[in-house]
Amino acid sequence: MIQLPINQIKQFKNEITRFMMMYKFALDEMETRIEILVEEFQFLHEYNPIEHTKSRLKSPESILNKLYRKGGDISFPSIRNHIKDIAGLRITCSFISDIYVISELLKNQSDLNVLEEKDYIKNPKPNGYQSLHLLIEVPVFMSDRQERVCMEVQIRTIAMDFWASLEHKIYYKYNLSKQTVPARLLEELKEAANAASALDKQMERLHKEIEEIKEEQAEMSDEALNRIIINNQQFALPKGLLELIDNGNNKLDK
């Protein structure tokens with residue numbers, strides 16, 4: 001067994017701690033950005049496109065295992081070059097349209113750099129998996145320098161997330177016992193993915209219909225403010241009278 005000097009062990013421990021902290025800080029920063037977007041939508045649009053978020057940080061053991069599979073050498077530069085999903089953020093939305101809204105909002109943030117985009121919604125995987133994946137470089141300001149940290153952002157609907165969670169549990173159970181997932185289960189998973197996709201499309205259609213109704217009601221409400229009713233007859237208020245009322249209010253404000 002190789003015995004390393006204490007100071008060398010301490011130095012390595014500090015380096016790996018600092019390395020992992022960069023990815024944690026990148027996650028913290030992205031979660032803060034998402035919280036700001038949520039609050040802005042609630043204040044300005046009275047609507048929240050994000051149901052919830054979930055973040056995860058790969059363990060050092062998981063990182064090394066993936067590095068071995070990719071054939072990279074054991075060094076911090078090699079890890080950064082070969083493994084892009086050490087930090088991961090999953091954003092769950094109600095509707096498919098929300099996914100692309102959030103994606104565009106992130107792309108429009110000038111200090112974020114989108115390295116790669118994979119759209120498994122328009123092009124689902126053969127097993128039925130759907131989600132939008134973005135690899136994003138996030139600026140992280142350390143005490144002595146700035147780092148650009150790569151992380152993966154997955155954006156999906158509730159139905160997509162439920163399906164992916166179920167598929168993961170099935171594969172995990174069979175991999176644990178070193179068995180192959182039965183063909184019958186794989187077929188049912190594919191059918192469930194199709195059903196989830198159909199549900200998403202139906203909910204999207206209903207959502208759009210409701211939004212159109214709300215817009216019509218808002219327009220009717222605006223029109224009602226400019227009309228008076230006398231003896232069941234409606235009369236539009238003349239534009240000049242409305243301007244007179246507006247001018248009177250402005251004088252009172254002064």
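For the pair Ile63/Tyr23, no side-chain contact is recorded, criterion being any heavy-atom separation below 4.5 Å from C-beta on. Between Met21 and Leu57 there is no side-chain heavy-atom pair separated by less than 4.5 Å.
Taken to the nearest 0.5 Å, the CD atom of Glu152 stands 8.5 Å off from the NZ atom of Lys58. Separation of atoms CD (Gln202) and CG (Asp200) is listed at 10.5 Å; rounding is to 0.5 Å. The structure places CG of Leu37 at 11.0 Å from OG1 of Thr32, a figure rounded to the nearest 0.5 Å. Summarising the geometry, atom CG belonging to Leu189 is positioned 11.0 Å from atom CG belonging to Asn194; distances are rounded to the nearest 0.5 Å. Rounding to the nearest 0.5 Å gives a distance of 6.5 Å between CG of Leu67 and CD1 of Ile74. If you take OG1 on Thr157 and CG on Leu132, they are separated by 11.5 Å, rounding to the nearest 0.5 Å.
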Quiz prompt | Test side-chain contact (heavy atoms from CB on, under 4.5 Å) applied to Phe25 and Val149, step by step | solution = CA-CA 9 Å; Phe25 295 153; Val149 180; over 6 Å; no
Practice problem: Evaluate side-chain contact (heavy atoms from CB on, under 4.5 Å) for Lys66 paired with Lys70, printing each intermediate quantity in order. | Solution: CA-CA 6 Å; Lys66 189 165 186 176; Lys70 286 180 170 285; 3.7 Å; yes
Exercise. Please assess Asn127 against Leu186 for the test side-chain contact (heavy atoms from CB on, under 4.5 Å), listing each intermediate value before the final yes or no.
Key: CA-CA 8 Å; Asn127 64 350; Leu186 294 176; over 6 Å; no
Quiz item: Would Ile99 and Met160 count as a side-chain contact (heavy atoms from CB on, under 4.5 Å) if you check the C-alpha gap in whole Å, the side-chain angles of each, and the deciding distance to 0.1 Å?
Solution: CA-CA 11 Å; Ile99 293 173; Met160 294 173 192; 4.2 Å; yes
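Residue Ile36 shares its hydrophobic cluster (ILVMFWY side chains chained together at separations under 4.5 Å) with no other residue. Residue Ile158 shares its hydrophobic cluster (ILVMFWY side chains chained together at separations under 4.5 Å) with no other residue.
Shown here are the salt bridge (Lys or Arg N to Asp or Glu O under 4.0 Å) partners of Glu137, two or more places apart in sequence or in another chain: Arg148. Shown here are the ring pair (Phe, Tyr, Trp, His ring centres under 6.0 Å) partners of Phe95, two or more places apart in sequence or in another chain: His207. Under the rule for a salt bridge (Lys or Arg N to Asp or Glu O under 4.0 Å), the partners of Glu104 that lie at least two apart in sequence or sit in another chain are Lys107. Shown here are the side chain to side chain donor-acceptor pair (under 3.5 Å) partners of Ser94, two or more places apart in sequence or in another chain: Glu51. Remark: Arg80 pairs with Glu147 by the salt bridge (Lys or Arg N to Asp or Glu O under 4.0 Å) rule, at least two apart or across chains. Partners of Glu116 by salt bridge (Lys or Arg N to Asp or Glu O under 4.0 Å), not counting sequence neighbours, listed by chain and number: Lys118. Residues that satisfy the side chain to side chain donor-acceptor pair (under 3.5 Å) test with Tyr47, not counting sequence neighbours, are Asp98.
Grouping the Ile, Leu, Val, Met, Phe, Trp and Tyr side chains by contacts below 4.5 angstrom, directly or via other members, places Ile34 apart from Leu135.
Applying the ring-ring contact (aromatic ring centres under 6.0 Å, His included) test to residues at least two apart or on different chains, the pairs with a partner in residues 133-178 are Tyr120-His133, Tyr129-His133. Sorted by first then second residue, the salt bridge (Lys or Arg N to Asp or Glu O under 4.0 Å) pairs that include residues 31-42, not counting sequence neighbours, are Glu29-Arg33, Arg33-Asp111. For residues 51-93, every residue pair satisfying the ring-ring contact (aromatic ring centres under 6.0 Å, His included) rule, not counting sequence neighbours, is listed here: Phe19-Phe76.
Applying the side chain to side chain contact (heavy atoms under 4.5 Å, CB included) test between Pro60 and each of Ile86, Asn65, Ile79, Ile16 identifies Ile16 as the sole match.
Across all their heavy atoms, Leu106 and Leu112 have their closest contact at O-CD1, 3.7 Å. Closest of all the heavy-atom pairs between Leu89 and Ser55 is CD1-CB, 4.0 Å. A pairwise comparison of heavy atoms in Gln130 and Ser197 identifies NE2-CB, 3.2 Å as the closest pair. In plain terms, the two heavy atoms of Pro139 and Gln146 that are nearest each other are CB-NE2, 3.5 Å. Taking all atoms of both residues into account, the shortest heavy-atom contact from Gly128 to Ala193 is O-CB, 3.5 Å. Annotation for Leu27 and Gly88: closest pair CD2-O, 3.4 Å, computed over non-hydrogen atoms.
Looking at Glu188 and Arg184, a side-chain N of the basic residue comes within less than 4.0 Å of a carboxylate O on the acidic one, giving a salt bridge. With respect to the salt-bridge test (charged N to carboxylate O, under 4.0 angstrom), the residues Asp161 and Lys54 do not qualify.
For Met203, the CE atom is loosely surrounded, since the number of other residues' heavy atoms within 6.0 Å does not exceed 12.
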